[in-house]
Structure formats: structure tokens, C-alpha cells
Amino acid sequence: MIIINTKNYEDMSRKAANILSAQVILKHNCVLGLATGSTVEGIYKQLIMMNQNGDVDFSGVRSVNLDEYVGLAGDHNQSYRYFMDTNLFNQINIHIDNTNVPDGMAADIEAECIRYENLIKELGGIDLQLLGLGHNGHIGFNEPDDYFPLLTHRVQLKESTIKANSRFFENEDQVPREAITMGIKSIMQAKRILLCVSGEAKAEILKKVLSGPVTPEVPGSILQLHPNLTVVADEAALSRF
Ligand code: GLP
């Protein structure tokens, strides 16, 4: 595990974007596993600048996103497809057909989970998976539980996650109660993982994730077992170490 301690959110975003862009430069047709949330917004802004400056070319890149809310269409402004389109895909030269987000409106959600898992396989696996961290230790939408869910699956969101994510919706009632998420095995099979964490509010959970017991009660703790994990976190997030 490599831990990169950065000054603040901006510094974290730049360093993480550099790692992602190095991956794309080294393998132009790589498969990037992408994430949503406020942690990664700054990283995507940096990638857009790098792309516009001609420093990184996304034309060969394929992407798979971690998760999507069940019941939100891609054009709903809180869907993760919409987040990705507006915060990254529409502003870089990636081919939109090469981008993948689970379909939260699929008529058969279980079939969609199987399709998505197969898609990751067909793409040849994930070269670099970007992850944020939920306040309860979730990665993707793998919520605390008494087992690690392995593959892409449908999940009931925890009250704490619904509350945390309600800041993006008009009120808490509008937050979907279910999501589709890549599973722990789907994530752990990525060749390399880049976990990005910012802010004092995540300091306690980040300490548990990186140095507590590996337990499904703290889903991110499984990352300790990944052979190629890079953590880019700011001083505030690393303040409990
Ligand atoms: C959501 C996403 C996660 C993300 C988490 C943290 O729940 N499903 O993939 O890591 O939010 O979000 P933020 O970066 O906004 O704190």
C-alpha cells in the first residue's frame, strides 16, 4: 500500500489526476473504473484540463462506473450517469459508447447486474479503479454488512448513506433506497486501485479502513488485501494516523 499525503483537496485532486492520466498515457486503451461523489469532482476537473491541454488522450479509453441508483434514468440530474456525463465525459474526448454505468431503469435489475459483471470481464478487467469512501466505510455502494458481497448486485442503502447523499436531492424522501453496485470481488480484481479521501469528517473511517480489522462491517477495509493499492488523501483525512 502506498499512502500519498496531500496538503488539501486541491492537492489531492491534482495528484490523483496525475496517477489516472499516467495510466492512460501508459496504456491508451486501458479500462478505467470510475466513481462519483464530491471527492472525485476535483479530480475530473483536473483531467478535463489535462485533456484540453493535449496532455492526455481519452479516445481509446473504456470506462466502467461503480454504481447507479435504482429508479433514476440517465437524464435525471442526480443519476450517476448524468454526473459522469456532465462532470467528465462530455468535456473530454472519450467516446461515449465506450463509457458504462449500470442501468438503474433496467426492467430486470438482477439481469442488469449479471450483464454488467459480464461486461467487465469482456473488457478484460479493470486496469485502474478509482474509489471514494463513504462515511460508513462503503466503497461503491457496498454497505456495511456481515459478509462481503462479491459481484455486481442490487443493494438496499443504509439510512446513514441516504442521509449523507440527501444533500444532493431536494429532500431525503427523494433519495432512492436502492442501487446497483459492483461487488467487492469486482472491485478487488482491478489490477490497481486508487482510493481518494478528503476532509476531517472521513479521518476516523479512513483509519479503520487502512489499519483496522478487515471486516465487512467496514467494507473498504478489504482494500488492505489488495496487492496494488494507492491512497491519495489530504492531511485532514489522514489526521488520525
Ligand atoms: C456515494 C458513492 C460512493 C462514493 C461516496 C462518497 O455513496 N456511491 O462511490 O465514494 O458516495 O461520496 P463523497 O465523495 O461525496 O463523500
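Both ligands and their constituent atoms are indexed starting at 1 by order of listing. Nothing fancy with the numbering, it's 1 onward along the sequence.
Note: the hydrophobic cluster containing Leu131 does not contain Val155 (ILVMFWY, side chain heavy atoms under 4.5 Å, direct or indirect links).
Contacts of Met182 with ligand 1, taken as heavy-atom pairs under 4.0 Å, are absent altogether. Counting heavy atoms closer than 4.0 Å to ligand 1, residue Tyr80 contributes side-chain atoms (C-beta onward) but none from N, CA, C or O. Here Leu133 has backbone heavy atoms under 4.0 Å from ligand 1, and that is the only part of it that gets that close. When heavy-atom distances to ligand 1 are checked against a 4.0 Å cut-off, Ser38 comes that close through both its backbone and its side chain. Of the heavy atoms in Asp67, only side-chain atoms (C-beta onward) come closer than 4.0 Å to ligand 1.
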Next on the checklist: Applying side-chain contact (heavy atoms from CB on, under 4.5 Å) to Ser38 and Arg167, what does each step give before you reach the verdict?
Outcome noted: CA-CA 11 Å; Ser38 21; Arg167 68 189 193 279; 2.7 Å; yes
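Among all non-hydrogen protein atoms, the one lying nearest atom 5 (C) of ligand 1 is His138 NE2, 3.7 Å. The protein non-hydrogen atom at the shortest distance from atom 16 (O) of ligand 1 is Lys202 NZ, 2.8 Å.
Distance CD/Gln129 to CG/Leu223: 10.0 Å, rounded to 0.5 Å.
Heavy-atom contacts of Phe141 reach the following atoms of ligand 1: 7 (O), 8 (N) (cutoff under 4.0 Å). Every atom of ligand 1 with a heavy atom of Thr36 under 4.0 Å away is listed here by number and element: 4 (C).
Residues Leu34 and Val64 are not in side-chain contact: their nearest non-hydrogen atoms beyond the backbone lie 4.5 Å or more apart. Contact annotation: the side chain of Val231 approaches that of Met1 to within less than 4.5 Å [non-hydrogen atoms, C-beta and beyond].
Using a cut-off of 4.0 Å between Lys/Arg side-chain N and Asp/Glu carboxylate O, Arg154 and Glu178 are scored as salt-bridged. Looking at Arg240 and Glu200, a side-chain N of the basic residue comes within less than 4.0 Å of a carboxylate O on the acidic one, giving a salt bridge.
When only interatomic distances are considered, the shortest N/O to N/O separation between Thr39 and ligand 1 falls below 3.5 Å. Residue Arg167 has at least one nitrogen or oxygen atom sitting less than 3.5 Å from a nitrogen or oxygen atom of ligand 1, judged on distance alone.
Counting only non-hydrogen atoms, the option in Ala179, Gly140, Gly37, Gly132 that gets closest to atom 9 (O) of ligand 1 is Gly140.
Looking at Asn228, Leu194, Leu26 one by one, the single match for side chain to side chain contact (heavy atoms under 4.5 Å, CB included) with Leu128 turns out to be Leu194.
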